[in-house]
There are 2 protein chains.
Amino acid sequence: MDLIEIPDRKDQLREVAQTLFKEKGYAGSSMRDIAQIMGIEAPSIYNHVNSKHDLLKRICFEIADKFILIINNIKKSGSSHPAITLQTIILEHVEVVTENHDASAVFTNEWRFLEASDLDNFIKLRNKYERFIEKTIKDGLEQGIFKTNNTKLVTLSLLTSLNGIYHWYNPNGRLKAEDISHNIMNLFFLGLKR
Amino acid sequence: MDLIEIPDRKDQLREVAQTLFKEKGYAGSSMRDIAQIMGIEAPSIYNHVNSKHDLLKRICFEIADKFILIINNIKKSGSSHPAITLQTIILEHVEVVTENHDASAVFTNEWRFLEASDLDNFIKLRNKYERFIEKTIKDGLEQGIFKTNNTKLVTLSLLTSLNGIYHWYNPNGRLKAEDISHNIMNLFFLGLKR
DNA sequence: CCTACCGATCGGTAGG
DNA sequence: CCTACCGATCGGTAGG
């Protein structure tokens, strides 16, 4: 009845790994490093995961899936106004990054160390997400809501800004996810000029 | 008279290293990898550089120095209008990134592997550059030219967008550095909304 | 620029 | 979950 949720060893492992991979990179982190933080010996890790790549895979796809979920929900809701769609994406994306800042950093920086077959899959998901944003911007252009000469650059600038939040986001700071979203919307919609 | 510029071995080494560090990361690249591309044996590298860290140091500071040069030139020129200052920064920054896309990627992603003393120095330079941009935006705010609730977020969004260019920039593509700069200025000054 | 080689560390397995 | 250990690879040195 008074059960405290105890994350099982596999989840614990993933959390330690994502903190370490963020800090020292995938190639710069060793299984022995992870084991030491867990307070166990390195070979014991292999009772819970198959390989170091397996750990990376879990982390990268956990985040990728959350991003895909965002666009799937938007598609399901059937909303069609590009500005609202883009607002929703920004809002939800910032929430994912702020709630998973370690894993998001790994998603952004360490995905290239995935094994070939996982890498293919990962890139497909990432491209799908990217193309949805690009499509949204194109829709906005066609409807005369947006204005730009370079949809791709806007898409990628927005995405790198959103993904870069983990660099400076402080989970204990005064700035909440929603504040960050609104600031980013203001910047990308209205620009810096008064 | 007909001398072709032959990069000396040290420069050649730096170029191979920055391509490799970009592709596989600092920790994921070995001295033997570098040697193989150079067509020599790994120990021979040490006739030209002191260590693997030494290579990283050269690459990171080569770019850092170029960024610092941008703001030093602006300071020397005495120009004071924040919008023009920011335009100049964007223009010059994009030029550095597009002309040095491998080294820029290393600058952005691999600096954390610098040795302690170099790391301190590097962070100081990076902060100096960052603060100059932030100061420029603050000046613009005070003069009523700019408008934002979050100077830091604007600064970092702009910087991650600028630094992220190496992700998609194609040196053989139709998009020139100047085009990219203008598109980024448009986006960050005027925003996406019509 | 090379060969020969160092100690350290890597991801991972065997076997319990 | 451990101990014991594997072959491979790491950055780097000695000596020429």
Side-chain angles (χ1 to χ4, degrees), chain A residues 6-61 103 106 109-119 122, chain B residues 6-61 103 106 109-119 122:
Chain A
I6 297 172
D8 76 347
R9 222 56 172 145
K10 207 185 264 185
D11 286 336
Q12 214 178 327
L13 216 35
R14 206 203 50 231
E15 276 163 35
V16 169
Q18 65 201 23
T19 307
L20 210 61
F21 291 171
K22 177 192 183 182
E23 241 175 75
K24 318 207 304 175
Y26 176 76
S29 308
S30 74
M31 295 302 257
R32 281 158 180 87
D33 290 336
I34 296 172
Q36 201 186 23
I37 296 173
M38 300 277 294
I40 59 177
E41 296 299 319
S44 302
I45 294 179
Y46 293 90
N47 287 302
H48 305 104
V49 295
N50 295 327
S51 64
K52 193 183 170 189
H53 276 114
D54 194 33
L55 274 170
L56 180 63
K57 183 181 169 182
R58 283 168 205 276
I59 299 166
C60 287
F61 282 92
V106 176
N109 293 322
E110 312 298 332
W111 59 269
R112 59 189 161 150
F113 295 105
L114 286 167
E115 285 176 313
S117 69
D118 297 329
L119 189 61
F122 179 87
Chain B
I6 296 170
D8 75 348
R9 221 58 172 144
K10 206 185 267 186
D11 285 336
Q12 212 178 331
L13 216 34
R14 207 204 51 231
E15 275 163 37
V16 169
Q18 64 200 23
T19 306
L20 210 60
F21 290 171
K22 176 191 183 182
E23 241 175 74
K24 320 208 302 175
Y26 175 77
S29 307
S30 75
M31 294 302 258
R32 282 160 179 83
D33 290 335
I34 296 172
Q36 201 186 23
I37 296 172
M38 299 276 295
I40 58 177
E41 296 300 319
S44 303
I45 294 178
Y46 293 90
N47 288 303
H48 306 104
V49 295
N50 294 327
S51 65
K52 194 183 170 191
H53 276 114
D54 194 34
L55 274 170
L56 180 64
K57 182 180 168 182
R58 283 169 206 277
I59 298 166
C60 287
F61 282 92
V106 176
N109 293 323
E110 312 299 330
W111 59 268
R112 59 190 160 146
F113 295 106
L114 286 166
E115 284 177 312
S117 69
D118 296 329
L119 189 61
F122 179 87

A:Val16 vs A:Thr19 side-chain heavy atoms within contact, under 4.5 Å: no

Greater than 12 external heavy atoms within 6.0 Å of B:Lys57's NZ: no

Does a side-chain heavy-atom distance below 4.5 Å link A:Met31 with A:Ile34? yes

What integer distance in Å separates A:Glu41:CD from C:dG12:P? 17 Å

Nearest heavy-atom neighbours spanning A:Ala42 and A:Arg32: CB-CG, 3.8 Å

Spacing of B:Ile45 atom CD1 relative to D:dT13 atom P, expressed in whole Å: 13 Å

CD1 on A:Ile59 to CG on A:Leu56, rounded to 0.5 Å: 6.0 Å

Whole-Å distance, A:Asn47 CG to C:dG12 C1', equals 12 Å

Reading DNA chain D from 5' onward, which residue's closest nucleotide shows up sooner: A:Pro43 or B:Ala42? A:Pro43

Does C:dG7 have a Watson-Crick or wobble partner in any strand here, with both distances under 3.5 angstrom, and which is it? D:dC10

Taking the nucleotide of DNA chain D with the nearest heavy atom to each, does A:His48 or B:Ser51 sit closer to the 5' end? A:His48

Kindly state which residues belonging to residues 109-117 of chain A come within less than 4.0 angstrom of DNA chain D, counting heavy atoms of the residue only, listed by number. none

Atom CG of B:Leu56 and atom P of D:dG11: how far apart are they, to the nearest Å? 13 Å

Looking at residues 20-32 of chain B, who's got a heavy atom less than 4.0 Å off DNA chain D? B:Ser29, B:Ser30, B:Met31, B:Arg32

Report the distance from atom CE of B:Met38 to atom CG of B:Asp33, rounding to the nearest 0.5 Å. 13.5 Å

Kindly indicate whether the side chain of B:Arg9, heavy atoms from C-beta on, has any atom under 4.5 Å from the side chain of B:Ile40. yes

Please give, in whole Å, the distance from D:dC2 P to A:Met38 CE? 10 Å

Side chain to side chain donor-acceptor pair (under 3.5 Å): pairs with one or both residues in residues 45-56 of chain A, sequence neighbours excluded: A:Asp54-A:Arg58

Nearest whole Å is fine: how far is D:dC5 C1' from A:Tyr46 OH? 14 Å

Just how far, in rounded Å, is C1' of D:dG12 from CG of B:Asp54? 13 Å

Proximity to the side chain of A:Lys52 - top-ranked nucleotide from D:dT13, C:dC1, C:dG11: C:dG11

With both distances under 3.5 angstrom, what nucleotide forms a Watson-Crick or G-U wobble pair with D:dG15? C:dC2

Heavy atoms of A:Arg112 and B:Glu110 approach each other most closely as NH2-OE2, 3.0 Å

